[in-house]
Amino acid sequence: MKPSRFFEDVWDVVRLIPCGRVTTYGAIAKYLGVAKSSRMVGWAMNASHQQSQIPAHRVVNRNGLLTGKLHFNEKDSMERLLHAEGISVENDRVLQFDQHFWDPNIEIPIP
DNA sequence: ATTATGACAGGGC
DNA sequence: TGCCCTGCCATAA
């Protein structure tokens with residue numbers, strides 16, 4: 001099954017997330033020009049399993065909550081990966097989220 | 001073509 | 001402060 005351009009765009013943005021940083025579904029959606037399709041970003045992440053090297057663990061909801069941790073192979077892999085990058089996670093939530101937040105609309109060098 | 005769904009976001013009670 | 005409802009758009013069936 002051939003992925004649509006939308007998914008590829010999402011994956012491309014996710015791949016650009018620097019190590020030790022996180023972003024939100026809404027921020028990615030906004031960057032792609034579909035700010036109201038934040039749900040689709042999550043859907044794209046769900047399809048990211050067929051791809052490789054997609055740091056989906058760096059994508060959380062606007063509250064910094066690891067809503068997608070259950071979609072990982074192992075329930076604690078997401079939290080473990082984030083912690084390995086220097087991001088503190090507690091109770092399925094990213095601590096100092098605004099400090100680790102990476103906004104593609106501002107940080108991305110030019111598409 | 002139509003209906004249901006989703007790892008969200010925002011506003012209301 | 002916290003839970004519930006609605007909007008929104010792309011994909012799958």
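Chain letters run A, B, ... following the sequence lines, proteins first, then strands; residues in each count from 1.
- With salt bridges taken as basic N to acidic carboxylate O contacts below 4.0 Å, one links E85(A) and R58(A).
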Would you mind building the protein contact string for nucleotides 7-13 of chain B? One character per nucleotide, 5' to 3', B for base within reach (heavy atoms under 4.0 Å), S for sugar-phosphate only, - for untouched.
BBSB---

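- In this structure, the side chain of N91(A) does not engage the main chain of R93(A) through any donor-acceptor pair within 3.5 Å.
- Proximity of residues 92-99 of chain A to DNA chain B (heavy atom under 4.0 angstrom from any strand atom) is not detected for any residue.
- In plain terms, the two heavy atoms of N105(A) and D103(A) that are nearest each other are ND2-OD1, 2.8 Å.
- Closest approach of F72(A) to S77(A), counting heavy atoms only: CB-OG, 3.1 Å.
- Remark: P of dT11(C) and CZ of F6(A) are 7 Å apart, rounded to the nearest angstrom.
- No donor-acceptor distance shorter than 3.5 angstrom exists from the side chain of Q99(A) to the backbone of Q96(A), with no hydrogens or angles considered.
- Rounding to the nearest 0.5 Å gives a distance of 10.5 Å between CD1 of I54(A) and NE2 of H49(A).
- Closest of all the heavy-atom pairs between R15(A) and P55(A) is CA-CD, 4.1 Å.
- Atom CD in E8(A) sits roughly 15 Å away from atom C1' in dT11(C) (whole-Å rounding).
- The closest donor-acceptor contact from the side chain of S37(A) to the backbone of A29(A) lies at 3.5 Å or more, if one exists at all.
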